[in-house]
Structures are given as C-alpha cells and as structure tokens.
Amino acid sequence: MTELTKWLDARRSPMELIERLFDGDSTAGGIKVEEVVDGNTLVIRAELPGIDPEKDAEITVSDGGLTIRAERQEKKEHKEKDSYRSEFRYGSFVRRIPLPDGVKEGDVTASYKDGVLEVRAPIPEKTATASPSKVPITRS
C-alpha cells in the first residue's frame, strides 16, 4: 500500500506517473531514495553504490524538480589455466523528485559517501498569503 501511496503523491505530475508506469519498475528507474525534512532543508539520499560520482552521476534542477541520473558499469574477469569466466553488469538509472515551491537551483548541494548520494535543498520560508479581497463590480 505504501508503494501505491508513493505513486499517487500529489506533488507528482500525471506525465511522470505515466512514464513510471511504462518503465515497468515500481522503484521509479532503479534508484531508491529517502526524502527527509531536516529543519528547513529537504534532504534526499539516493542509493548509488559502485559509481564514480564525478563521472557516472548527474544532478539537475529544472521545472520544480530534481533529476538524478546515474550509470553503472561493472566487469569481473577470472582467468585460470583451463578456464575463463567473465561477468558484467551495467545500466542507466533516472529518478525525478519534485522540490518544494521556491527552491533555487544555486542553493542545492550534493555530496557522495559510502555509496549514498545526499542532496540538500533549503526550503524557502512561506510568505503569508494575502487574504482575498473583494473586487467591486460597477454597472456600465
């Protein structure tokens, strides 16, 4: 049920929901994330073991969302006298996460440690919205 709740999150656009459905992956592109609010900062932790963050990952902020793209390539070879064995894994992963209104691209920071990418986005203080005012109607 919690996975269904994530899919129906009101912050997500209908187009994103359709893309996720056609991807056929309930983990939304293969990157598992954790979103936490720490004081006035949104902290997003993404599980990305085995990558070089400088070469294999890209983070962008646009249209009110954060996009994490990563690519992983791993190859193992075992050579012995009478045998040879090779294994490889590779893949590209993308995850888009909606950001709170007013987050500025220049304020977003990222760090990588022990296979976890951590992105921090300060949440702007909400300004008090003015109460609705009545507009008079004049007769012409």
Side-chain angles (χ1 to χ4, degrees):
M1 189 65 161
T2 58
E3 192 66 33
L4 179 62
T5 306
K6 290 179 195 174
W7 274 70
L8 299 175
D9 187 341
R11 297 178 299 160
R12 312 220 188 264
S13 73
M15 194 62 195
E16 181 184 357
L17 295 174
I18 291 168
E19 287 172 357
R20 290 173 68 183
L21 182 63
F22 282 107
D23 284 342
D25 187 349
S26 66
T27 59
I31 300 175
K32 295 182 181 189
V33 299
E34 169 186 64
E35 296 178 51
V36 180
V37 175
D38 180 15
N40 64 346
T41 302
L42 174 63
V43 180
I44 300 164
R45 292 184 190 97
E47 187 179 87
L48 292 171
I51 68 158
D52 179 345
E54 295 171 359
K55 295 189 307 186
D56 302 332
E58 177 183 80
I59 302 168
T60 55
V61 176
S62 65
D63 300 326
L66 174 83
T67 302
I68 301 171
R69 296 181 195 280
E71 187 171 327
R72 179 179 303 131
Q73 293 183 356
E74 184 179 331
K75 185 174 181 179
K76 295 180 183 178
E77 291 182 309
H78 300 282
K79 296 179 184 180
E80 293 183 14
K81 182 179 173 183
D82 295 332
S83 68
Y84 172 78
R85 181 177 171 200
S86 175
E87 290 186 36
F88 62 91
R89 285 192 316 168
Y90 61 92
S92 296
F93 311 97
V94 176
R95 183 76 186 256
R96 181 161 169 82
I97 299 148
L99 293 173
D101 290 336
V103 170
K104 294 182 179 121
E105 180 179 350
D107 294 340
V108 177
T109 61
S111 61
Y112 182 83
K113 181 179 179 185
D114 298 331
V116 177
L117 175 72
E118 182 175 280
V119 180
R120 294 182 155 269
I123 301 171
E125 289 185 30
K126 292 183 180 179
T127 57
T129 57
S131 59
S133 60
K134 188 173 181 178
V135 177
I137 302 171
T138 59
R139 291 184 184 240
S140 313

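Note that the coordinates shown come from a computational prediction; the quantities given were computed from them, not determined experimentally.
- At least one side-chain heavy atom of Ser86 sits under 4.5 Å from a side-chain heavy atom of Lys75.
- Residues Ser62 and Arg96 are in side-chain contact: their nearest non-hydrogen atoms beyond the backbone lie under 4.5 Å apart.
- In this structure, the side-chain contact (heavy atoms from CB on, under 4.5 Å) partners of Thr41, at least two apart in sequence or on a different chain, are Val43, Arg120.
- A donor-acceptor pair under 3.5 Å is formed between the side chain of Tyr112 and the backbone N or O of Leu48.
- Atom-to-atom distance recorded for Glu118:CD and Glu34:CD is 9.0 Å, nearest 0.5 angstrom.
- In terms of the salt bridge (charged side-chain N to carboxylate O under 4.0 Å, His left out) criterion, residue partners of Glu87 (sequence neighbours excluded) are, by chain and number, Arg85.
- Considering NZ of Lys55 and CD of Gln73, their distance stands at 9.5 Å, rounded to 0.5 Å.
- Val36 and Val33 are not part of a single hydrophobic cluster, where members link through side-chain heavy atoms under 4.5 Å apart.
- Under the side chain to side chain donor-acceptor pair (under 3.5 Å) rule, Tyr84 has a single partner from Glu77, Lys79, His78, which is Glu77.
- At least one side-chain heavy atom of Ile59 sits less than 4.5 Å from a side-chain heavy atom of Leu117.
- Two different hydrophobic clusters hold Val116 and Val37 under the rule that ILVMFWY side chains link at heavy-atom gaps under 4.5 Å.
- Within the 3.5 Å criterion, the main-chain N or O of Asp56 finds no donor-acceptor partner in the side chain of Arg72.
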What donor-acceptor contacts under 3.5 angstrom involve side-chain atoms of residues 104-111, with partners at least two apart or in another chain?
none

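- Counting heavy atoms from C-beta outward, Ile44 and Leu66 have side chains that approach closer than 4.5 Å.
- Of all heavy-atom pairs spanning Arg95 and Lys32, the tightest one is NH1-CA, 4.3 Å.
- Contact record, Ala57 with Ile51: CB-CD1, 3.9 Å, taken as the closest heavy-atom pair.
- Rounding to the nearest 0.5 Å places CZ of Phe93 at 13.5 Å from CZ of Arg69.
- When all heavy atoms of Leu42 and Pro100 are compared, the closest pair comes out as CD2-CD, 3.7 Å.
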